Amino acid sequence: MYFSKLLGKTLREVPAEADSISHQLLVRAGFIQQLATGVYSYLPLGWRTLTRIARIVREEMDRVGGQELQLPALQPLELWQQSGRFDAFGKILFTLKDRKEHDLVLGPTHEEVITDTVRRSVQSYRDLPVLPYQIQVKFRDEPRPRGGLLRVREFIMKDLYSFDADEAGLDVSYDKMVNAYQNIYRRCGIEAMMVEADSGAIGGKTSHEFMIIAETGEDEIICCEKCGSASNIEKAKSAKTKAKTDPQKSVEEIATPGMKSIEEVAAFVGVPPGQTIKAVFYIADGEFIFVVIRGDLPVNEVKLKNLLKAADLRLATEAEVSAAGIVAGFASPVGVKSIKVVADDSIMLGTNFIAGANKPHTHLKNVNYPRDFKVDLMADIALARAGDACVKCGASLKSLRGIEAGHIFKLGIFLSEKFGAYFLDRDGASRPMVMGCYGIGIGRLLAAVVEQQHDDKGIIWPVSIAPYHVHLCTLYPDKNKVAETAEPFYQELWDRNIEVLYDDRDAAPGVKFNDADLIGLPLRLTISPRTLEKQGVELKWRSEKQSRLVPLNGVVEEVVKALQSRR
RNA sequence: CGGGGUGUAGCGCAGUCUGGUAGCGCACCUGAAUGGGGUUCAGGGGGCCGACGGUUCAAAUCCGUCCACCCCGACCA
């Protein structure tokens, strides 16, 4: 490709809207262009890179028995009502009507469609397992797209679905995918950390995410360096310390004028925050929820949402709190009736807590569970934090930030049952297929690579996914037969299957080198009057500082070998 | 959806407070010089000033409505 004809200009200035490094670099280097909020065009360089990543993904899927197909993006809304996930996805779904006023959705994922597809052609255990997958565009009306390609509303995803005869089969399929995923990240030149995750709207129990560690990552990972366990903070558990445990004393009221926060009350009474009980109020699918947790712990809203099986969870407003008859700042579950009370199990680790008295400027001493109040649900709903103790080995937990570049789920049978995806087993019994699903955002992975592989000059592509292998630069092309030398050389490289971007412009050396560094192709070759005087070509890796001169007549062989060694 | 902000040339911005008919840098075109890390000089093209409505002799500028986009929070590949 001639640089002078390449669609997509490099920009000297950073576009105003670009915040993350990958967004800035991909826009400046001419890989992508925004059309609307969370909607991007891939320009030629970006698209070539995307197809390179997709090829690696295909190879790894095919290697473990995946079979590629293509499912419609346009889907009947009824399918989503049938699965029961219409409400779980909510406003994320793009919906539209056709000319006959039928409701349609633009597919955010394809469990519904694939289950319906597989149901029609699989009737026997002999057909299982099947691992269909596709690489296709998805639509999600995200509340807030951001970070360029990191979080968009229209995106290209690889989604594979596994259908097995039983749980043991699912485990085998799941492990295959874990393996394939690790190969994919490695081949793209980045490291991914596999962490336990919440399954969210997709459903199912077990799920893992593959995180690319990066400062700008949206997710927080809680991990233990000692035993290696790692979880998304949404899922993470930590060992809760025991609060002081004395024989239970009787409840007394104490005046706490103006002391609303846990810190104020604890300091006023002279106890640590862990010796208090905190009340937090939520609205779950419209129902008022009274949450009780020990004063030193924050609530994990994802855990709470899962416990309540709620599609929508938010903090209650002040108005809603007072409408429920609660004295904000001085509330406790003691004496509360006709409101659902959910407690974190930390309130059992200790005795004689300080809690609100449910009247202004007053708290209670020596509150004990279950002696003084009842709860409707009790579970772990606390947020784990860095510095807490690991539940497995007791070491101090660390916190990292990451980009979610893959997410896999053990779905089980809930969708198979809803869609009638049954098969006959060896004994002639009809059983639901056991499902798993496995997603990788291809565009997000591309951005994640840039987040991890760049320097202050630009992107540094690994050979495996670079849009071209070689950046051929001529300096002073109209002098000393520079262009005449470069042209056949360019053709010869293509003949040897080396993909070349040829900067044929008559621009200053600095301009060309800066563009080369920005775009980040692995190997740069420079031909100039100076190199031709010595009958050579300058060869420089993007990832290295030093360049070297290679004799003209041996350079093609040299390049072929060099690229092979780094593939 | 709540809070904050911005819309002026392909990109980055000034001009808006104080109304008088649009400007700078980059990019682009022409020419010349230079010659290995965004070089210099000269000339040039390009604007429905987000949209609609209002005030005014006159609106990028004042008022209203709407739209788009960005940032901070709740969702996810």
Side-chain angles (χ1 to χ4, degrees), chain A residues 8-20 23 27-28 30 33-39 57 88-93 108-110 135-160 181 197-202 207 209-212 217-219 232 234 282-283 301-302 305 311-315 317 403-409 437-448 457 473-480 482 506-518 524 526-531 538 540 547:
Chain A
K9 270 208 166 67
T10 56
L11 302 176
R12 193 179 293 206
E13 277 160 316
V14 182
E17 76 278 5
D19 48 344
S20 69
H23 190 189
V27 171
R28 281 190 55 213
Q33 205 171 66
Q34 184 176 25
L35 183 65
T37 305
V39 180
V57 171
F89 274 74
K91 287 188 171 170
I92 294 282
L93 280 179
T109 177
H110 283 70
I135 293 176
Q136 189 228 26
V137 68
K138 310 286 185 224
F139 299 88
R140 295 185 190 175
D141 198 358
E142 294 285 340
R144 194 154 95 79
R146 69 180 101 179
L149 291 184
L150 287 173
R151 183 176 201 75
V152 291
R153 298 193 297 169
E154 174 181 327
F155 60 100
I156 296 170
M157 181 166 103
K158 184 283 303 176
D159 43 324
L160 182 144
Y181 272 42
D198 178 68
S199 57
I202 300 288
S207 112
E209 290 166 331
F210 292 83
M211 294 288 190
I212 311 302
E218 287 188 88
D219 288 280
N232 190 310
E234 295 174 350
Y282 287 90
I283 304 291
E301 295 184 1
V302 174
K305 189 174 168 182
D312 183 59
L313 180 80
R314 60 175 173 83
L315 277 170
T317 62
I403 299 163
E404 182 192 354
H407 198 162
I408 62 178
F409 306 78
C437 73
Y438 314 83
I440 290 186
I442 309 286
R444 182 183 279 183
L445 180 53
L446 187 157
K457 291 274 188 182
C473 272
T474 49
L475 304 186
Y476 321 119
D478 51 346
K479 297 262 167 74
N480 296 14
V482 166
D506 183 16
V511 171
K512 292 191 161 195
F513 291 152
N514 279 311
D515 277 344
D517 288 342
L518 179 60
R524 190 183 80 196
T526 308
I527 298 178
S528 71
R530 190 189 286 184
T531 69
E538 183 193 277
K540 180 182 172 299
S547 62

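Please read all numbers here as calculations on a predicted model, not as lab measurements. Residue numbering restarts at 1 for every chain, and letters A, B, ... go by the order of the sequence lines.
Between B:A60 and B:G20, the distance separating the two C1' atoms is 13 Å to the nearest Å. Atom name C1', nucleotides B:G47 and B:A9: the rounded distance is 5 Å, in whole Å. Spacing between B:G46 and B:G10 at atom C1', rounded to whole Å, works out to 10 Å. For the C1' atoms, the distance linking B:G7 with B:G43 amounts to 33 Å, nearest Å. Nucleotides B:C11 and B:A27 place their P atoms 15 Å apart, quoted to the nearest Å. Taking atom C1' on both nucleotides, B:C17 is separated from B:C26 by 29 Å, rounded to a whole Å. Look at the P atom in both B:G19 and B:C71: the space between them is 35 Å, to the nearest Å. A gap of 37 Å separates the C1' atoms of B:C57 and B:G12, to the nearest Å.
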- For each nucleotide in nucleotides 27-39 of chain B, reading 5' to 3', give B when a protein heavy atom comes within less than 4.0 Å of its base, S when such contact involves only the sugar-phosphate, and - otherwise. SS------BBBBB
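Pairing for B:G31 goes to B:C41, judged as Watson-Crick or G-U wobble with the two contacts each under 3.5 Å. Across all strands shown, B:G19 has no partner, as no Watson-Crick or G-U wobble contact with both distances under 3.5 Å is found. With a cut-off of 3.5 Å on both Watson-Crick or G-U wobble distances, the partner of B:U61 is given as none. With a cut-off of 3.5 Å on both Watson-Crick or G-U wobble distances, the partner of B:G2 is given as B:C72. Summarising the base pairing, B:G12 is matched to B:C24 through a Watson-Crick or G-U wobble pair whose two defining distances lie under 3.5 Å. With a cut-off of 3.5 Å on both Watson-Crick or G-U wobble distances, the partner of B:C49 is given as none.
Nucleic acid contact for A:E301: none, since no nucleic acid atom lies under 4.0 Å from a heavy atom of the residue. Using a 4.0 Å heavy-atom cutoff across all strands shown, A:V482 reaches no nucleic acid atom at all. When heavy atoms are screened at a 4.0 angstrom cut-off, A:F210 is found touching no nucleic acid atom at all. A:D219 comes within contact range of at least one nucleobase, with a heavy-atom separation under 4.0 Å.
For the pair A:R524 and A:F513, the distance from NZ or CZ to the six-membered ring centre is under 6.0 Å and the angle to the ring normal is within 45 degrees.
Separating the CG atom in A:D198 from the CZ atom in A:F409 is a distance of 8.5 Å, to the nearest 0.5 Å. To the nearest 0.5 Å, atoms CD (A:E209) and CG (A:N232) are separated by 4.5 Å. In this structure, the separation between NZ on A:K138 and CD on A:E154 is 12.0 Å, given to the nearest 0.5 Å.
Between A:R146 atom CZ and B:G5 atom C1' there is a gap of 17 Å when expressed in whole angstrom units. A:L315 has its CG atom 15 Å from the C1' atom of B:G3, to the nearest Å.
For the pair A:Q33 and B:C11, the criterion of a side-chain N or O lying under 4.0 Å from OP1 or OP2 is not met. Contact annotation: A:T37 side-chain N/O to B:C70 OP1/OP2 distance is under 4.0 Å. Using a 4.0 Å cut-off, some side-chain N or O of A:R144 falls inside it from OP1 or OP2 of B:G73.
One N or O on the side chain of A:K512 and one on the backbone of A:T474 form a donor-acceptor pair closer than 3.5 Å.
Partners of A:E218 according to the salt bridge (Lys or Arg N to Asp or Glu O under 4.0 Å) rule, which considers only residues two or more places apart in sequence or in another chain, are A:R146, A:R151.
Residue whose closest nucleotide on RNA chain B sits further toward the 5' end, between A:G147 and A:R444: A:G147.
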